[in-house]
Amino acid sequence: MVDNQGNEIHIAIANLARGLHNSSLAGSDVDTVLESITAGAVEHVGGTMYAGILLVEKRKKKTQSVAASDPVVEKLDAIQMDVGEGPCLEAAWEHTTFRLDDFTTEKRFPKFIAEAMAQTSVKSSLSFELYSNESSMGALNLFSDETNAFSLAAEETGLVYATHAALALYRAREKEHFTSALASRDVIGQAKGMIMERFNIDSLQAFELLRKLSQDSNTPIADIARQLVDTDHPARDSSA
């Protein structure tokens with residue numbers, strides 16, 4: 001006999017993964033994919049009332065709350081930033097999953113718990129590492145106003161979903177970087193053409209001139225090229 005709860009978990013994961021996959025295939029930008037991740041978590045991960053993503057810059061140790069499904073998530077993230085502790089930060093830093101079943105009896109993260117209880121109605125949370133690279137980390141964070149809101153089944157669903165979410169976010173970022181790279185190549189090509197025509201030189205000489213301007217001004221070649229193109233072809237005033 002097939003376990004009904006197991007079926008529900010697999011169906012929920014399949015729905016979540018399908019939604020994220022369709023979002024990335026549709027060419028959605030990073031912000032849209034982030035919004036899809038938190039919206040999907042609220043809809044499909046059992047017990048979730050609110051969801052958000054916390055991004056952490058490793059070097060500067062700066063944090064950013066993004067794609068929050070409700071202002072209470074931003075409030076909880078702000079509390080963690082202020083007190084320097086909490087399940088979302090821990091999930092990002094320690095590459096693990098944190099489930100807090102009951103804030104009223106929780107002994108971990110005492111500063112965060114005290115402020116969360118004082119400023120919000122949230123009573124339980126579930127946090128997953130979303131991704132980690134050389135410069136930053138991210139955690140997917142789920143919250144509820146109910147105690148013991150997240151079952152083992154919800155934790156299993158959320159863990160697999162976080163993996164799919166990380167892959168979707170990676171694809172969106174790669175696409176964004178690729179699009180940006182194409183745009184840079186295009187503007188560099190335009191600038192080279194302008195220099196070749198103006199100074200009657202070949203492509204290699206034109207690129208060498210761009211490279212020298214870049215080095216002398218400590219400015220990326222793409223930015224130098226964009227400045228040249230904008231100077232020669234200034235954007236037309238849309239209000240005119």
Side-chain angles (χ1 to χ4, degrees), residues 20-39 52-68 73-74 77-78 80-81 84 88-89 92-93 95 129-140 162-240:
L20 289 172
H21 181 67
N22 290 339
S23 179
S24 61
L25 283 181
S28 300
D29 59 22
V30 171
D31 289 340
T32 301
V33 171
L34 290 171
E35 295 285 351
S36 298
I37 290 170
T38 52
I53 293 171
L54 186 66
L55 304 180
V56 182
E57 290 185 27
K58 291 183 179 178
R59 286 184 181 178
K60 299 179 181 179
K61 294 188 177 180
K62 287 185 177 180
T63 56
Q64 182 182 8
S65 183
V66 299
V73 177
E74 295 175 344
D77 286 344
Q80 291 181 84
M81 296 174 207
C88 310
L89 287 174
W93 279 109
H95 317 301
E129 180 195 25
L130 190 57
Y131 73 91
S132 179
N133 57 38
E134 292 182 358
S135 61
S136 64
M137 298 171 289
L140 172 64
T163 302
H164 284 287
L167 291 172
L169 181 57
Y170 174 79
R171 285 196 296 268
R173 280 182 162 166
E174 286 295 296
K175 178 175 174 51
E176 194 170 83
H177 292 161
F178 179 68
T179 301
S180 177
L182 287 181
S184 295
R185 288 184 185 181
D186 183 58
V187 76
I188 290 171
Q190 291 180 54
K192 280 171 55 181
M194 289 166 47
I195 293 171
M196 290 166 64
E197 181 179 1
R198 186 168 301 172
F199 298 103
N200 193 28
I201 58 178
D202 63 25
S203 177
L204 289 177
Q205 291 172 316
F207 184 77
E208 181 61 25
L209 180 56
L210 281 173
R211 190 184 66 79
K212 188 175 187 311
L213 287 170
S214 172
Q215 288 180 339
D216 291 346
S217 62
N218 195 28
T219 305
I221 288 180
D223 291 347
I224 292 290
R226 192 169 293 108
Q227 291 170 18
L228 290 172
V229 171
D230 288 346
T231 300
D232 198 66
H233 302 288
R236 188 174 296 175
D237 186 353
S238 60
S239 64

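A quick note: this is a predicted structure, and the numbers were derived from the prediction, not measured. We number each residue from 1, following the sequence as shown. These values consider heavy atoms only, across backbone and side chains, with no hydrogens, waters or symmetry-generated copies.
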**Message:** For the backbone of C88 and the side chain of Q80, can you confirm whether one donor and one acceptor N or O come within less than 3.5 Å of each other?
**Reply:** yes
**Asked** What closest approach, in Å, do V73 and G52 show between heavy atoms, and which atom pair accounts for it?
**Response** CG1-CA, 3.7 Å
**Gap separating the CD atom of Q205 from the CG atom of L210, nearest 0.5 angstrom** = 12.5 Å
**Message:** Return the CG to CG distance between L54 and L130, rounded to the nearest 0.5 Å.
**Reply:** 10.5 Å
**Prompt:** Roughly how far apart are I195 CD1 and N200 CG, rounded to 0.5 Å?
**Reply:** 13.5 Å
**Message:** Restricting to non-hydrogen atoms, name the atom on M137 and the atom on A92 that form the minimum distance, rounded to 0.1 Å.
**Reply:** SD-O, 3.1 Å
**Complete:** Heavy atoms of T219 and Q227 approach each other most closely as CG2-NE2, 4.3 Å
**Message:** If the threshold is 4.0 Å, N to carboxylate O, is there a salt bridge linking R226 and D230?
**Reply:** no
**Asked** Do you know the tightest heavy-atom contact between I53 and D77?
**Response** O-OD2, 4.3 Å
**Asked** Is D202 atom CG crowded by more than 12 heavy atoms from other residues, nucleotides or ligands, each under 6.0 Å away?
**Response** yes
**Asked** Between L55 and T63, does a side-chain contact (heavy atoms from CB on, under 4.5 Å) hold up when you go through it step by step?
**Response** CA-CA 5 Å; L55 304 180; T63 56; over 6 Å; no
**Prompt:** Measuring from I201:CD1 to K192:NZ, what's the distance to the nearest 0.5 Å?
**Reply:** 10.5 Å
**Asked** Looking at residues at least two apart in the chain, or sitting in another chain, which of them share a salt bridge (Lys or Arg N to Asp or Glu O under 4.0 Å) with E208?
**Response** R211
**Prompt:** Once you round to the nearest 0.5 Å, how far does CG of L213 lie from CG of N218?
**Reply:** 13.0 Å
**Request:** Taking all non-hydrogen atoms of both residues into account, name the closest pair between G84 and L89 and its distance.
**Result:** C-CD1, 4.0 Å
**Asked** At their closest point, which heavy atom of A67 faces which heavy atom of T38, and how far apart are they?
**Response** O-OG1, 2.8 Å
